[in-house]
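Okay, structure first, notes after.
Throughout, protein chains are lettered first and strands after them, A, B, ... in sequence-line order, and every chain is numbered starting at 1.
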There are 2 protein chains.
Amino acid sequence: MSQPSAEAASARVAAALRGEILEGAIAPGTWIRQEEVAERLGASRLPVREALRMLTAEGLITVEPNRGARVPVLDRREVEVLYRMRERLEPLALVESIPHLTDADLAHVRGLQARIEDIDDIRDFLALDREFHLATYSACDIDHLQDMVVRLWNATQHYRRAFMQVAGAQRRWVVNAEHNLLIDALERRDGVDAERYLVGHIRRTRRELVGHPELFTD
Amino acid sequence: MSQPSAEAASARVAAALRGEILEGAIAPGTWIRQEEVAERLGASRLPVREALRMLTAEGLITVEPNRGARVPVLDRREVEVLYRMRERLEPLALVESIPHLTDADLAHVRGLQARIEDIDDIRDFLALDREFHLATYSACDIDHLQDMVVRLWNATQHYRRAFMQVAGAQRRWVVNAEHNLLIDALERRDGVDAERYLVGHIRRTRRELVGHPELFTD
DNA sequence: ATCGCAGAACATGGATCCAATTTCAAGGGA
DNA sequence: TCCCTTGAAATTGGATCCATGTTCTGCGAT
């Protein structure tokens with residue numbers, strides 16, 4: 001009877017909140033009330049508190065003592081530096097991943113890209129784009145590295161969504177082209193080329209994103 | 001009456017455990033029992049649980065559901081990649097910090113280096129070396145970046161201590177020389193040189209550290 | 001003697017109640 | 001009218017008790 005059985009309440013709450021935050025249902029800056037979350041998700045306040053701590057470890061929220069938790073509001077400069085961190089860390093994750101990527105992994109990545117090219121809805125695009133990139137790092141067996149990459153994606157998710165809403169369809173074409181170049185390099189197991197395409201991909205996105213002042217309050 | 005007054009219990013417990021882990025009093029691999037910590041630090045189990053979640057967010061421990069928490073044991077490869085992550089992230093933190101470093105900050109950094117050169121005890125050296133490097137990043141105003149750098153120092157602290165115990169005094173001379181080169185570049189506000197010295201410093205340490213197989217179990 | 005299995009001891013996860021802090025609104029004074 | 005103060009409501013933090021899951025021990029069967 002030691003089946004995984006019912007997931008722990010705190011993990012359930014964390015998963016639910018994680019989804020809401022990543023999909024934008026919880027706007028940055030708004031306080032997340034423990035009581036409200038507890039009764040909405042059918043749990044007591046205690047697992048909610050644990051879940052909030054988990055989400056802080058994932059870079060999704062910040063907790064202020066005796067105040068509460070909320071999705072942080074970032075200014076343009078913070079988002080820019082977060083992207084610069086991505087430009088440095090993700091190539092490392094990719095290089096560590098490439099030697100361990102199986103053919104099945106690569107087929108999965110190709111499948112994701114095929115779905116990305118067929119999609120119109122921004123919400124689906126964001127989720128699949130995230131899944132695509134994380135899949136290319138999935139064979140990296142260093143937990144700390146994968147965790148930090150996920151943190152960077154988490155922290156910038158809201159601004160990526162806002163960016164996609166103002167960017168035109170032309171951007172999607174560029175993204176698709178860059179993704180396919182990256183996939184080709186991966187299938188050749190060419191770490192040097194893959195790293196080059198990835199850095200270019202992230203850098204171009206950063207420049208375009210921070211070039212939209214209307215996405216930020218400052 | 002709204003003085004900061006007594007720090008929150010969970011923060012006190014977290015600070016105590018943080019110190020014990022960083023000083024090596026809690027060996028990697030040993031389970032951290034909530035009840036034991038609670039009665040030793042004069043709190044109930046609840047703030048201990050919160051503290052363990054905080055330390056997870058800081059990269060100091062890992063929590064296994066229904067099992068408990070412990071300081072993770074890393075193999076040589078993980079430590080090596082953690083150092084490669086430092087080589088990529090810390091230069092960025094330094095570059096972001098340099099323009100905002102005040103003369104008082106630099107004087108503080110110089111003072112720390114002077115104390116480092118006078119110290120024999122390994123425990124003090126580790127604490128001051130950490131404080132030295134973090135001080136050079138202290139003017140970086142991007143919280144996520146500073147937090148990640150601290151995580152990297154936390155995760156590798158145990159192996160740095162073990163390394164210092166097998167390394168000779170000769171290593172200390174090299175460290176001091178590299179620190180002083182770094183300080184000079186900082187005082188010139190020369191980001192390019194500072195980054196160069198820092199990368200070399202971390203890279204040399206990585207190579208020497210992972211070159212000691214006796215520090216790892218595998 | 002070794003492996004398997006049951007049951008007890010132990011540790012973590014969760015619920016409820018209470019305390020402490022913060023926030024917000026109303027009232028009083030300059 | 002504005003600002004400061006005061007107190008009550010709302011919210012988070014903590015303690016105790018109970019439920020659930022895991023680990024270890026010892027008994028029994030092969």
* Tell whether R45(A) reaches the base of dG13(D) with its side chain through a donor-acceptor pair below 3.5 angstrom. =>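 Yes, a donor-acceptor pair under 3.5 Å.
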What nitrogen or oxygen pairs link the protein and nucleotides 5-8 of chain D at under 3.5 Å?
none

Between [N] atom [atom2] and [X] atom [atom1], what is the distance in whole Å?
X: L46(B); N: dC18(D); atom1: CG; atom2: P; result: 17 Å
X: E36(B); N: dC10(C); atom1: CD; atom2: P; result: 15 Å
X: W31(B); N: dC10(C); atom1: CH2; atom2: P; result: 18 Å

Does a side-chain N or O from [X] land closer than 4.0 Å to OP1 or OP2 of [N], or not?
X: R67(B); N: dT23(D); result: yes
X: R33(A); N: dA10(D); result: no
X: Q34(B); N: dG13(C); result: yes

* Hey, is R88(A) close enough to E195(B) for a salt bridge, meaning N to O under 4.0 Å? ->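 A salt bridge is present here (some side-chain N lies under 4.0 Å from a carboxylate O).
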* To do: May I ask you to decide whether R207(A) forms a salt bridge with E80(A), counting only side-chain N to carboxylate O separations under 4.0 Å?
  =>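 Salt bridge flag = no for E80(A) with R207(A).
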* To do: Look at the side chain of R172(B) and the backbone N and O of I119(B), then say whether any donor-acceptor pair between them is shorter than 3.5 Å.
  =>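 It does hold such a pair.
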* Pick base, sugar-phosphate or nothing for I32(A), based on heavy-atom distances below 4.0 Å to the nucleic acid. =>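 Sugar-phosphate, no base atom in range.
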* Aromatic ring pairing H179(A)/H133(A), orientation class (parallel under 30°, perpendicular over 60°, tilted between) ->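 Because their plane-to-plane angle is over 60°, the rings of H179(A) and H133(A) count as perpendicular.
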* To do: Give the intermediate values and the outcome of salt bridge (Lys or Arg N to Asp or Glu O under 4.0 Å) for residues E50(B) and R12(B).
  => CA-CA 11 Å; E50(B) 298 257 316; R12(B) 273 193 311 106; over 6 Å; no
* Asked: Does N66(A) or P47(A) map to a spot on DNA chain C nearer the 5' end, using the closest nucleotide for each?
  ->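 Its nucleotide being nearer the 5' end, the pick is P47(A).
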* To do: Return the nearest nucleotide to the side chain of S44(A); candidates are dT12(D), dT16(D), dT16(C).
  =>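 Per side-chain heavy atoms of S44(A), the pick is dT16(C).
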